[in-house]
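Report on the following structure.
Both counts, for ligands and for their atoms, begin at 1 and track the order of listing.
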Amino acid sequence: MGLLENFYKNIGIDLGTANTLLYLQDRGIVVQEPTLVAFNNRTGQILAVGEEAKKMLDRTPAHITIVKPLMNGVISDFETTQEIIKHFLHKIKNQSFWSRYRTALVAIPTNLTEVERKSVEDVTVAAGAGKVFLVEEPIATAIGARLPVEEATTNMIINIGGGTTEISIISVGGAVISKSLKVAGQKFNDDIVKFIRDEFKLLIGEPTAEELKINIGSAIGIEEKLEMPVRGRDMATGLPREILVKNTHIRAAIHRSLKSIVDEAKSLIESAPPELVGDMLKRGIYVSGGGSLLRGLDRFIEKEVTVKTMVVDDPLTSVARGLGIILEDMPKYNSILSNQQRPRQVNL
Ligand SMILES: Nc1ncnc2c1ncn2[C@@H]1O[C@H](COP(=O)(O)OP(=O)(O)OP(=O)(O)O)[C@@H](O)[C@H]1O
Ligand SMILES: [Mg+2]
């Protein structure tokens, strides 16, 4: 192996609405941090990125603004996104020499327009990558979950992220049909804030809602008795007040959103070509993304859609691991990479 091979390494980027992951060839996942930037709004200077910026979320002084540069999986703030990628690439520089000529694989939602795809490419090149390949997220997820994507099988993947849920039926290396909805982790948090406000006349922040969701939330009734005290601001008096929130409250709060996800899954199955559906029903549904960690979500989907449903292993990293598997063996996945060059989205 020549010396240069150690210098020119490929990199995989999963740029999510909630979390950004970087996979470095021969190393594995080297970055897994929130997609956040803290700015000093007096000077415009970046103060912190990722995990460090998140720490500032709770007690932000007036001159600091926290920016989420992606909305529902789409880059809404080009410059900030570029700064994030640059920052993380710089951070891992000690582990390898990032060069302009290295290839970057970037995971993207299936429903991006040509212009949005171009902007992902541009932002990655501007941050220092040489060549960029875009890989559709459900494909990366399937490869990360070691589903047999090269064989003539059909799989349904439901990826529930922070900003979007993407429901896809993929077969032989390309997304055949997919549907994307803006109901995912953040919407569940919003649902919880609203429920606590309406039911308890108490105002809580999104971070508290997220804690409730993760600590005591579930999609279906569970035997475990889960509850959590939270403090918020009483809407009538304006004073702090503490309440005890139960699992049943969270379930009620997010039920409608969960229902909308399974309804979309059902309608996608109904509109899919019958020859794909038969195989897919046999293989079952795979759920991925951070949202799939919600207790009982697999059983909820299974019951509603009446198809066997499984959560992939380590669902927060499956996209990044999929990119990793591809970039460690690019020739093998050549057809997938060239497929990704043109949009294969079928709008239903
Ligand atoms: N244990 C858990 N239970 C429920 N939800 C969880 C859990 N852990 C993380 N989440 C949620 O998962 C979401 C983040 O998931 P993920 O990292 O897959 O999203 P993303 O890829 O950044 O977003 P997107 O794919 O929409 O761009 C957050 O909304 C978070 O609240
Ligand atoms: Mg994602």
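- Applying the 4.0 Å criterion to heavy atoms of Gly289 picks out, from ligand 1, the atoms 18 (O).
- Between Leu297 and Ser292 the shortest heavy-atom distance is CD2-CA, 3.6 Å.
- A donor atom on one side chain and an acceptor atom on the other are found under 3.5 Å apart for Thr35 and Thr20.
- Distances below 4.0 Å separate heavy atoms of Gly291 from the following atoms of ligand 1: 12 (O).
- Taking each of Asn72, Leu294, Thr317 in turn, the one with a heavy atom nearest to atom 4 (C) of ligand 1 proves to be Leu294.
- Here the protein heavy atom with the shortest distance to atom 18 (O) of ligand 1 is Gly290 N, 2.9 Å.
- Glu210 OE2, 3.7 Å is the protein heavy atom nearest to atom 28 (C) of ligand 1.
- In terms of protein heavy atoms, atom 24 (P) of ligand 1 is closest to Thr17 OG1, 3.5 Å.
- Among all non-hydrogen protein atoms, the one lying nearest atom 1 (N) of ligand 1 is Leu293 CB, 3.4 Å.
- Atoms of ligand 1 found under 4.0 Å from any heavy atom of Thr164, numbered from 1 in the order shown, are 26 (O).
- Residue contacts with ligand 1 for Leu316 involve side-chain atoms from C-beta outward but no N, CA, C or O (heavy atoms, distance under 4.0 Å).
- Between the CG atom in Leu258 and the NZ atom in Lys187 there is a gap of 10.0 Å [rounded to 0.5 Å].
- Of all non-hydrogen atoms in Thr154 and Arg283, the two that sit nearest each other are O-CD, 3.3 Å.
- Contact between Ala184 and ligand 1 is absent, with no heavy atom of the residue lying under 4.0 Å from the ligand.
- Glu137 is listed as a side-chain neighbour of Asp14, based on a closest heavy-atom distance under 4.5 Å.
- Counted within 6.0 Å of NZ on Lys266, heavy atoms from surrounding residues, nucleotides or ligands total more than 12; the atom is thus considered enclosed.
- Atom 21 (O) of ligand 1 has as its closest protein heavy atom Gly16 CA, 3.8 Å.
- Counting only distance, with no hydrogens or angles, the side chain of Glu51 and the backbone of Glu33 share no donor-acceptor pair below 3.5 Å.
- With values rounded to the nearest 0.5 angstrom, Glu83 atom CD is found 11.0 Å from Phe78 atom CZ.
- Neither the backbone nor the side chain of Glu166 comes within 4.0 Å of ligand 1, counting heavy atoms alone.
- Proximity to Gly73 (heavy-atom distance under 4.0 Å) selects the following atoms of ligand 1: 27 (O).
- Within 6.0 Å of atom CD in Glu224, 12 or fewer heavy atoms from other residues, nucleotides or ligands are found, so the atom counts as exposed in its surroundings.
- Any N or O atom pair closer than 3.5 Å counts here, and Lys213 shares at least one such pair with ligand 1.
- Closest heavy-atom approach to atom 26 (O) of ligand 1 among the candidates Ala18, Ser180, Ala107, Gly163: Gly163.
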Next item on the list: Starting from the C-alpha separation in whole Å, work towards a yes-or-no answer on side-chain hydrogen bond (donor to acceptor under 3.5 Å, both in side chains) for Glu166 and Thr110.
Entry: CA-CA 8 Å; Glu166 235 189 329; Thr110 50; 2.4 Å; yes
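- More than 12 heavy atoms of other residues, nucleotides or ligands shown are found within 6.0 angstrom of CE on Met235.
- Ring geometry for Phe195 versus His249: interplanar angle of 30 to 60°, hence tilted.
- Closest to atom 19 (O) of ligand 1 among all protein heavy atoms lies Gly162 N, 3.0 Å.
- Annotation for ligand 1: atoms under 4.0 Å from non-hydrogen atoms of Gly185 are 29 (O).
- The protein heavy-atom contact nearest to atom 25 (O) of ligand 1 is Gly161 CA, 3.8 Å.
- From the protein, the heavy atom lying nearest to atom 17 (O) of ligand 1 is Asn19 ND2, 2.7 Å.
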